[in-house]
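Here's the structure we're looking at; comments come further down.
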Amino acid sequence: MKKILITGGAGFIGSHVVRLFVNKYPDYHIINLDKLTYAGNLANLQDIEQAENYTFVKGDICDFELVCGLFSRYKIDGVIHLAAESHVDRSIKDPFTFARTNVIGTLSLLQAARLAWEADEKGYEGKRFYHISTDEVYGALEMGNEFFTEQTKYDPHSPYSASKASSDHFVRAFHDTYGMPTIVTNCSNNYGPYQFPEKLIPLFINNIRNRRPLPVYGKGENVRDWLYVEDHARAIDLIFHKGKVAETYNIGGHNEWRNIDLIRVIVRTCDRLLGNAEGASDDLITFVKDRAGHDLRYAIDASKLQRELGWEPSLQFEEGIERTIRWYLDNEEWLNNITSGDYERYYDEMYRGR
Ligand code: NAD
Ligand code: DAU
């Protein structure tokens with residue numbers, strides 16, 4: 001039986017990974033360690049929370065004693081590390097929280113894994129530490145045909161991407177220094193159900209449904225490469241099991257959209273699904289002050305992953321975005337629960353004066 005520690009499993013991507021592993025591998029024990037920050041939500045995992053092969057632990061990855069205790073109690077042999085502060089705008093306001101969770105938290109997990117695995121009679125044999133990272137560590141591309149590859153030099157610009165870059169370096173250092181069997185993947189923008197509605201796609205769907213302005217940063221010309229979250233979860237499963245130790249794999253959708261073009265698709269689709277007249281929500285589109293240090297373009301070359309492990313995205317974007325918008329419109333209660341209270345205050349502060 002494999003015992004796998006998944007961190008950040010109550011968040012957006014983590015909840016899809018936990019669900020996939022709990023359902024697909026009944027003989028694994030999945031331990032989900034999550035602090036339940038504003039972004040963590042156990043409602044994301046309601047359908048599997050009673051599963052026999054699943055345990056939830058509320059806790060902070062920076063709490064070294066707690067993490068060491070989990071390794072010794074559950075005899076963890078695999079880690080899939082997703083816990084992080086993940087929103088660029090929040091990192092601009094509060095960089096310390098990002099350094100703490102993303103850097104110190106990752107180091108705390110690495111060190112706990114090292115101590116436990118080095119003390120194990122089999123050592124690192126059969127063990128794996130898989131760190132989930134982002135394409136933002138590579139910096140920004142110009143418009144054109146260039147892509148981020150696994151060889152692209154790190155050049156982070158936001159406190160978020162700087163903290164993720166730092167955590168990636170720590171993971172690789174633990175391989176090079178201690179021989180820990182690590183893997184790092186760098187993925188592009190994910191979209192799909194259960195994403196916290198501060199990120200572009202769910203924020204805009206929620207605002208359209210509430211007839212609130214849609215704040216487009218700058219001229220809306222920045223480009224992102226969008227991947228359906230379940231395709232990312234499938235890639236994580238494949239790489240966790242078949243990826244080569246010490247390697248890096250880029251994961252992406254080969255699906256670039258200029259923000260403003262994507263926003264028009266969201267507006268049109270929402271209006272259609274809400275039964276509004278065509279163009280009814282166009283007036284909500286509002287150009288606001290740009291994000292500081294806003295990276296112009298991200299685009300991933302995922303050919304290594306396709307060549308070596310046979311992965312490619314399974315869902316066409318047109319189908320994925322329609323499925324996603326329907327999900328948020330059908331799950332009003334989920335949205336209402338997390339957009340009340342503290343989030344309202346954050347929203348006011350974030351967009352006041354923009
Ligand atoms: P998210 O913000 O939705 O979820 C993060 C989860 O981590 C939450 O459940 C939160 O409670 C938990 N968490 C935060 N701090 C913690 C701490 N100190 N201890 C324990 N748990 C803590 O994030 P997401 O969008 O699902 O991203 C997951 C991972 O994937 C992150 O590492 C992120 O950098 C990476 N990533 C995200 C994207 C994307 O488009 N969302 C793309 C590429 C990579
Ligand atoms: O590329 C991977 C990254 O994608 C992940 O590592 C991050 O965790 C994730 O948050 C995401 O980062 P982005 O900054 O690209 O995502 P966000 O949804 O915040 O913004 C997408 C684009 O939309 C970006 O160019 C900024 C713009 N935007 C965003 C918001 C929230 C707006 O124009 N208006 C908005 O209100």
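The figures here come from the full heavy-atom set of this structure, side chains too, leaving out hydrogens, waters and symmetry mates. For ligands, and for the atoms within them, numbers begin at 1 and follow the listed sequence.
Protein heavy atom in closest approach to atom 7 (C) of ligand 2: Ser86 O, 3.4 Å. Scanning the protein for heavy atoms near atom 21 (C) of ligand 2, the closest one is Leu200 CB, 3.9 Å. Closest to atom 5 (C) of ligand 2, if we only count protein heavy atoms, is Tyr160 OH, 3.6 Å. For atom 26 (C) of ligand 2, the nearest non-hydrogen atom of the protein is His294 NE2, 3.4 Å. Nearest protein neighbour of atom 3 (C) of ligand 2, counting heavy atoms only, is Glu136 OE2, 3.0 Å. Ranking the protein heavy atoms by distance from atom 33 (O) of ligand 2 puts Tyr217 N, 2.9 Å first.
Between Tyr38 and Phe196, a ring centre-to-centre spacing shorter than 6.0 Å is recorded.
In this comparison of Glu85, Arg224, Lys164, the heavy atom closest to atom 15 (O) of ligand 2 sits on Arg224. Between atom 14 (O) of ligand 2 and the options Arg258, Arg291, Lys199, His87, the minimum heavy-atom separation is to Arg291. When the heavy atoms of Leu296, Asp135, Ile263 are ranked by distance to atom 2 (C) of ligand 2, first place goes to Asp135. Here the shortest heavy-atom distance to atom 11 (C) of ligand 2, taken over Asp290, Asn189, Val223, belongs to Asn189.
Heavy-atom proximity to Asn259, at under 4.0 Å, picks out these atoms of ligand 2: 22 (C), 23 (O), 24 (C), 25 (O), 27 (C).
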Could you walk me through whether Thr134 and Tyr298 pass side-chain contact (heavy atoms from CB on, under 4.5 Å), step by step? CA-CA 10 Å; Thr134 170; Tyr298 303 142; over 6 Å; no
Output, in order, the C-alpha distance, side-chain angles, deciding distance and verdict of ring-ring contact (aromatic ring centres under 6.0 Å, His included) for His241 and Tyr28. CA-CA 13 Å; His241 289 97; Tyr28 289 8; 5.8 Å; yes
Yes or no on ring-ring contact (aromatic ring centres under 6.0 Å, His included) for Phe174 and His131, after CA distance, side-chain angles and deciding distance? CA-CA 12 Å; Phe174 266 64; His131 174 62; over 10 Å; no
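Across every non-hydrogen atom of Asp295 and Gly139, the tightest pair is OD2-O, 3.9 Å. Taking all atoms of both residues into account, the shortest heavy-atom contact from Ile300 to Ser188 is CG1-CB, 4.0 Å. The heavy-atom pair separating Val67 from Ser108 by the smallest distance is CG2-OG, 4.0 Å.
Counting heavy atoms under 4.0 Å from ligand 2, residue Tyr351 touches it through the side chain alone. Proximity of Asn190 to ligand 2, defined as any heavy-atom pair under 4.0 Å, is not found for any part of the residue.
Closer than 4.0 angstrom to ligand 1 by heavy atom are Gly8, Ala10, Gly11, Phe12, Ile13, Asp34, Lys35, Leu36, Thr37, Ala39, Gly40, Gly59, Asp60, Ile61, Leu82, Ala83, Ala84, Ser86, Thr101, Ile132, Ser133, Thr134, Tyr160, Lys164, Cys187, Ser188, Asn189, Asn190, sorted by chain and number.
Using a 4.5 Å cut-off between side-chain heavy atoms of Ile, Leu, Val, Met, Phe, Trp and Tyr, with links allowed through other members, Val103 and Leu110 fall into the same hydrophobic cluster.
Considering both main-chain and side-chain atoms, Asn222 never comes within under 3.5 Å of ligand 2 through any nitrogen or oxygen pair.
Arg323 forms a cation-pi arrangement with Tyr228, by the criterion of a distance under 6.0 Å to the ring centre and an angle within 45° of the ring axis. In this structure, Arg224 fails the cation-pi test against Tyr191, since its NZ or CZ atom is not both closer than 6.0 Å to the six-membered ring centre and inside 45 degrees of the ring normal. In this structure, Arg297 is positioned above the aromatic face of Phe147, its NZ or CZ under 6.0 Å from the six-membered ring centre and within 45° of the axis.
The residue from Glu150, Glu312, Glu247 that alone fulfils the salt bridge (Lys or Arg N to Asp or Glu O under 4.0 Å) condition with Lys304 is Glu247.
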